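The structure under discussion appears below in the form of structure tokens.
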Amino acid sequence: MNIFENHLSEIKKLIISEKKSLKLNYVNDFRGVNLEVPPEQFNFDLSCNISMVLAKKNKIDPKNLAIRLKDIFLNKIENFSEIDIAGPGFLNIKLSKSALINNIHSILKDKTYGSTKSNETYNIEFVSANPTGPMHVGHCRGAIYGDVLSNLLRFNGNKVTKEYYINDYGSQIRNFIKSVHLRILEIKYKKKFPKNENLYPGLYIKDIAEKIIKENTKINFDDLEKNFEFLKRESLKFSMELIKKDLKLLGITHDNFFSETDIVNKDLVNKAVKILKERSFVEEGFLQPPKGESSANWKKIKRLIFKSTLFGDDTDRALQKNDGSWTYFANDVAYHMDKVNRNYKNLINILGADHTGYVKRITAAVSALSENKIKLNCKVCQLVKLYKDGAPFKMSKRAGEFISAQDLLNEVEKDQIRFMMLNRSNDVELDFDFDKVKEKTKDNPVFYVQYAYARINSLLRTLNLSLLKEISISEKYINFNALEERIVRKVFEWPKIIESASRKFDLHKIPFYLYELSTLFHAYWSKGNDDRNYKFIEKEQIKRKEILLVINLVALVIQNGMSILGVSLPKKM
RNA sequence: GCGCCUGUAGCUCAACUGGAUAGAGCGCUUGGCUACGGACCAGGAGGUUCUGGGUUCAAAUCCUAGCAGGCGCACCA
């Protein structure tokens with residue numbers, strides 16, 4: 001149910017059938033024609049730019065055309081009761097009462113009101129934090145973004161796989177296992193844990209070491225190399241548990257975990273390279289020396305190179321290290337070949353700002369692997385800056401250098417974190433203020449939206465009614481006041497918000513919208529304090545039927561919106 | 001040097017993807033609310049949309065040349 005779509009198609013039909021009487025030559029192309037929400041001060045339901053668009057194509061004056069369109073709309077479209085021409089030729093339209101009521105009834109019947117009703121397959125890779133330690137705050141933003149994007153796409157009717165790529169291979173993991181091993185020695189023999197940049201000093205490593213000792217009392221771990229594979233398996237098990245625990249506390253679960261070690265073991269890189277060689281996208285060659293950095297250790301070595309510049313990258317990328325083994329990127333290419341082979345129509349990667357430079361090459365790889373049939377869409381989340389008591393908040397006792405997700409979760413609830421992290425475009429840095437997020441006031445948008453919903457439920461409790469029972473009220477008995485009209489129009493806007501949030505994955509539009517809707521509702525609610533005529537209840541009875549329609553509409557949209565955001569909606573606060 | 005992101009009210013950010021008089025919150029300021037459920041509501045002040053040029057009925061938005069900030073830039077992961 002999208003009233004703008006419905007009424008726009010009415011308009012288009014009419015224009016085509018009235019082409020002659022309107023004296024228009026070109027009416028076949030409606031690109032750019034929109035039906036929109038007019039700015040509030042105009043007090044209309046719909047706004048259409050059609051006369052500007054058609055005037056341009058037909059090379060005539062838009063205002064003149066608008067006058068003719070106004071007449072013909074009013075004559076032929078029963079759903080329109082009043083039209084005003086504004087600005088350069090906008091047609092501002094008021095819906096007839098019956099159209100308005102019909103729209104409202106259709107919305108209340110539509111459980112997934114706002115859904116774009118699409119049906120595609122998506123794979124979304126997100127978080128993919130290194131399993132060398134717990135999640136830090138930076139990961140949280142991407143984690144929530146990915147989770148909510150999945151919710152949104154599912155709400156729209158798509159099939160979504162949420163995937164986590166475990167980087168359980170390479171030198172970082174080696175250093176991680178080494179660190180665990182040294183902590184084991186420390187616990188067993190009081191051997192001091194050395195200071196070394198490549199090791200992981202965080203205290204969680206100690207926890208993992210202790211667990212391993214406790215669960216494997218019969219094994220002697222003194223020799224690292226002998227026990228390496230065992231230690232790796234055990235350590236990764238515990239560190240992934242840490243990560244999954246944090247994710248769960250944030251309300252996030254993945255459908256699929258994909259291991260880099262598996263890629264190596266299954267020799268997927270050779271398969272991917274073979275395909276790319278056949279298509280001449282991979283060749284032997286030499287890398288350019290690095291430009292911005294010191295090139296003291298630079299060696300000119302012949303190696304396999306992926307020609308990503310063919311797909312818009314800035315430079316070609318190495319698939320082999322100096323010693324001839326595969327690079328991290330090569331493994332990732334193989335991983336994405338696997339995704340392509342799993343026949344998803346759309347691939348999405350959610351990345352942190354520090355991986356911006358990686359976007360072009362991996363997008364190029366997917367284009368090359370899928371012969372341009374699949375486009376990988378990479379979304380980058382900018383940094384999160386934490387504030388507490390008005391000052392930047394740093395350090396974590398347990399995680400070592402980062403602020404961990406745990407630090408955050410210790411202070412703030414999941415609902416708050418989720419809403420606040422989504423309340424900014426992913427393209428801008430985010431200031432996360434510990435103090436503000438805990439407030440129970442208007443300054444805290446999460447609370448403000450939840451409170452609107454709680455108020456509705458309180459009202460229903462008083463009236464002994466429940467939400468979204470089939471409501472059908474004859475239009476004779478309906479007469480909205482100005483505040484109610486504003487809310488109804490805002491509710492009409494909801495599918496447009498979903499549509500534009502879905503188009504470029506601009507998730508912040510959802511919390512912004514919910515906040516605005518809540519503002520209108522709180523104003524409506526409070527009006528009863530100034531003016532007795534606006535009271536909702538009199539003698540334990542609802543005063544006007546319109547109130548029931550309005551609160552059901554608001555509740556429906558808040559429910560749909562918050563469930564996409566994954567934020568809870570208490571009935572009492 | 002190169003790439004990506006950002007630049008809008010004192011501060012933090014929106015702006016339906018090219019639309020109308022550029023909007024919210026905080027802060028500042030004036031008033032209301034001793035309860036349908038308190039943590040709210042109503043009003044006011046506050047703008048050369050970083051700068052210059054271009055595209056058109058229309059530019060914060062697109063193009064172009066700059067300026068400023070953030071992230072990144074062999075190999076490593």
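Remember, predicted model here, so these are calculated numbers, not experimental data.
- Backbone-only contact: A:Leu383 has heavy atoms under 4.0 Å from sugar-phosphate atoms and none from a base.
- Contact annotation for A:His508: backbone-only contact, meaning every heavy-atom pair under 4.0 Å involves sugar-phosphate atoms and none involves a base.
- A distance of about 14 Å separates the C1' atoms of B:rU6 and B:rA60, rounded to the whole Å.
- Taking the six-membered ring wherever Trp is involved, the centroid distance between the rings of A:Tyr335 and A:Phe258 falls below 6.0 Å.
- The aromatic ring of A:Phe447 is not stacked on the base of B:rA39, since the criterion of ring centres less than 5.5 Å apart with planes inclined by under 30° is not met.
- At a threshold of 4.0 angstrom between heavy atoms, the contacts of A:Ser171 are confined to the sugar-phosphate backbone, with no base atom among them.
- A side-chain N or O of A:Asn349 and one of A:His336 form a donor-acceptor pair less than 3.5 Å apart.
- One atom, NE2 of A:His522, and another, P of B:rG25, lie 12 Å apart when rounded to the nearest Å.
- In this structure, the CG atom of A:Leu430 is 14 Å from the C1' atom of B:rU6, given to the nearest Å.
- Between the side chain of A:Thr519 and the base of B:rA24 there is no donor-acceptor pair of N/O atoms closer than 3.5 Å.
- Among the atoms of the strands shown, only primed sugar atoms or phosphate atoms (P, OP1, OP2) are found under 4.0 Å from some heavy atom of A:Tyr448.
- Ionic pairing of A:Arg544 and A:Glu484 is present here: one or more N-O contacts between side-chain nitrogen and carboxylate oxygen are shorter than 4.0 angstrom.
- Of the candidate nucleotides B:rA14, B:rC41, B:rU6, B:rA14 has the atom lying nearest to any side-chain atom of A:Phe512.
- When heavy atoms are screened at a 4.0 angstrom cut-off, A:Thr132 is found touching no nucleic acid atom at all.
- Distances from the side chain of A:Lys56 to the nucleotides B:rA58, B:rC4, B:rC75 place B:rA58 closest.
- Nucleotide B:rU17 is shown with a syn base, its glycosidic torsion being within 90° of 0.
- Atoms NZ (A:Lys300) and C1' (B:rC75) sit 17 Å apart, rounded to a whole Å.
- Spacing of P atoms, B:rC36 relative to B:rC41, comes out at 15 Å, to the nearest Å.
- At a threshold of 4.0 angstrom between heavy atoms, the contacts of A:Phe42 include nucleobase atoms, whether or not backbone atoms are also involved.
- Atom P of B:rU8 sits at a distance of 16 Å from the matching atom of B:rC62, rounded to the whole Å.
- Annotation: cation-pi geometry satisfied between A:Arg174 and A:Phe228 (NZ/CZ under 6.0 angstrom from ring centroid, within 45° of ring axis).
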task: Report the secondary structure of RNA chain B in dot-bracket form, marking unpaired bases with a dot and bases paired to a different strand with |, and treating Watson-Crick or G-U pairs with both distances under 3.5 Å as paired.
output: (((((((..((((.....[...)))).(((((.......))))).....(((((..]....))))))))))))....
Would you list the protein and nucleotides 31-36 of chain B atom pairs, both N or O, that sit under 3.5 Å from each other?
residue	atom	partner	partner atom	Å
B:rC36	OP1	A:Lys535	NZ	3.2
B:rC36	O2	A:Ile537	N	3.2
B:rC36	N4	A:Trp525	O	2.7

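- More than 12 heavy atoms of other shown residues, nucleotides or ligands fall within 6.0 angstrom of atom CD in A:Glu82.
- Not a single donor-acceptor pair, N or O on each side, falls under 3.5 Å between the base of B:rA74 and the side chain of A:Asn322.
- Residue contacts for A:Asp506: at a heavy-atom cut-off of 4.0 Å it reaches a base atom on one of the strands shown.
- Among the protein residues, A:Asn423 comes within range of no part of the nucleic acid, since none of its heavy atoms lies under 4.0 Å from any strand.
- For the C1' atom pair drawn from B:rG52 and B:rG32, the interatomic distance equals 50 Å after rounding to whole Å.
- Between the C1' atoms of B:rA74 and B:rG18, the separation comes to 43 Å (whole Å).
- Taking the ring axis of A:Phe4 as reference, the NZ or CZ atom of A:Lys496 stays within 45° of it and closer than 6.0 Å to the ring centre.
- As rounded to the nearest Å, B:rC28 and B:rG10 have P atoms that lie 16 Å from one another.
- Cation-pi geometry between A:Lys300 and A:Phe286 is satisfied (NZ or CZ under 6.0 Å from the ring centre, within 45° of the ring normal).
- You'll find that the side chain of A:Tyr328 is closest to B:rA77, out of B:rU21, B:rA77, B:rG19.
- Distance A:Glu260 CD to B:rA77 P: 8 Å, rounded to the nearest Å.
- Ring to ring, A:Trp525 and A:Tyr534 are not that close: their centroids are 6.0 angstrom or more apart.
- Taking the centre of each ring, A:Phe126 and A:Tyr165 stay at or above the 6.0 Å mark.
- Side-chain atoms of A:Tyr515 and base atoms of B:rA24 include no donor and acceptor less than 3.5 Å apart.
- Between the P atom of B:rC41 and the CD1 atom of A:Ile487 lies a distance of 12 Å, rounded to the nearest Å.
- When heavy atoms are screened at a 4.0 angstrom cut-off, A:Ala86 is found touching base atoms of the nucleic acid.
- Listed pair A:Lys509 / B:rA15 meets the phosphate criterion, a side-chain N or O lying under 4.0 Å from OP1 or OP2.
- One finds no side-chain N or O of A:Thr356 lying less than 4.0 angstrom from the OP1 or OP2 phosphate oxygen of B:rC5.
- A:Pro62 comes within contact range of no nucleotide atom at all, as no heavy-atom separation falls under 4.0 Å.
- Comparing B:rA39 with B:rG47, their P atoms sit 32 Å apart, to the nearest whole Å.
- In this entry the distance linking CD of A:Glu516 with P of B:rC16 reads 12 Å, nearest Å.
- A side-chain N or O of A:Arg489 and one of A:Asn43 form a donor-acceptor pair less than 3.5 Å apart.
- Of the listed nucleotides (B:rA58, B:rA20, B:rA74), B:rA20 has the atom at the smallest distance from the side chain of A:Pro38.
- Between A:Phe311 and A:Phe306, the ring planes lie parallel to each other; the angle is under 30°, not in the 30° to 60° tilted range.
- Residue A:Arg455 has a polar side-chain atom (N or O) positioned under 4.0 Å from OP1 or OP2 of B:rG38.
- Put simply, CZ on A:Arg424 is 12 Å from P on B:rG7, counting in whole angstrom units.
- For A:Phe90 and B:rC16, the CZ to P distance is 12 Å, given to the nearest whole Å.
- When heavy atoms are screened at a 4.0 angstrom cut-off, A:Lys571 is found touching base atoms of the nucleic acid.
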task: For the pair A:Tyr448 and A:Tyr515, evaluate ring-ring contact (aromatic ring centres under 6.0 Å, His included) and give the outcome as yes or no after the intermediate values.
output: CA-CA 7 Å; A:Tyr448 192 71; A:Tyr515 186 88; 4.7 Å; yes
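- A:Ala318 comes within contact range of the sugar-phosphate backbone alone, with a heavy-atom separation under 4.0 Å but no base atom that close.
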Salt bridge (Lys or Arg N to Asp or Glu O under 4.0 Å) between A:Lys490 and A:Glu493, intermediate numbers included: CA-CA 5 Å; A:Lys490 197 75 190 169; A:Glu493 199 180 339; 3.4 Å; yes
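- Using a 4.0 Å heavy-atom cutoff across all strands shown, A:Thr315 reaches no nucleic acid atom at all.
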query: Given the rule in the salt bridge (Lys or Arg N to Asp or Glu O under 4.0 Å) test, do A:Arg317 and A:Asp313 qualify, once you have shown the distances and angles that lead to the verdict?
result: CA-CA 9 Å; A:Arg317 304 293 174 177; A:Asp313 198 359; 2.8 Å; yes
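- OP1 or OP2 of B:rU56 has not a single side-chain nitrogen or oxygen of A:Lys59 nearer than 4.0 Å.
- Here the side chain of A:Lys436 is nearest to one of B:rC16, B:rG3, B:rC26, namely B:rC26.
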